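What you see is a predicted model, and the numbers here were worked out from it, not measured in a lab.
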Amino acid sequence: MEVPVTDLRRLLAGAEQDLIDFLQLAAVWAARHLPAYAAPVASALGSALDLPAPVIPTNP
């Protein structure tokens with residue numbers, strides 16, 4: 001199956017946005033459930049996904 005380049009770019013951009021959204025949700029979860037470890041957890045997930053670490057909410 002062939003995928004046109006423009007469709008592939010759109011699909012990849014959508015997948016990247018989904019990962020960014022997941023990472024932000026994971027940071028919120030970590031801030032609520034693991035407040036002392038939220039920053040390292042978010043940073044580790046960001047590294048594993050090759051994305052910058054998200055902003056950790058101060059009042060989740």
Q) If you take all heavy atoms of Ile56 and Ala27, which pair is closest and at what distance? A) CD1-CB, 3.9 Å
Q | Closest approach of Ser43 to Ala53 (non-hydrogen atoms, all atoms of both residues) | A | CA-CB, 3.9 Å
Q: Supply the members, apart from Ile20, of the Ile/Leu/Val/Met/Phe/Trp/Tyr cluster built from side-chain contacts under 4.5 Å; use none for a lone residue.
A: Leu19, Phe22, Leu23, Trp29, Leu34, Tyr37, Val41, Leu45, Leu49, Leu51
Q. Apart from Val55 itself, what residues make up its hydrophobic cluster when side-chain heavy atoms of I, L, V, M, F, W and Y under 4.5 Å apart count as a link, directly or indirectly?
A. none
Q: Please list, chain by chain and in numerical order, all residues satisfying side-chain hydrogen bond (donor to acceptor under 3.5 Å, both in side chains) with Glu2, sequence neighbours excluded.
A: none
Q) Got a sec: does the CG of Asp18 have more than 12 other heavy atoms crowding it under 6.0 Å? A) yes
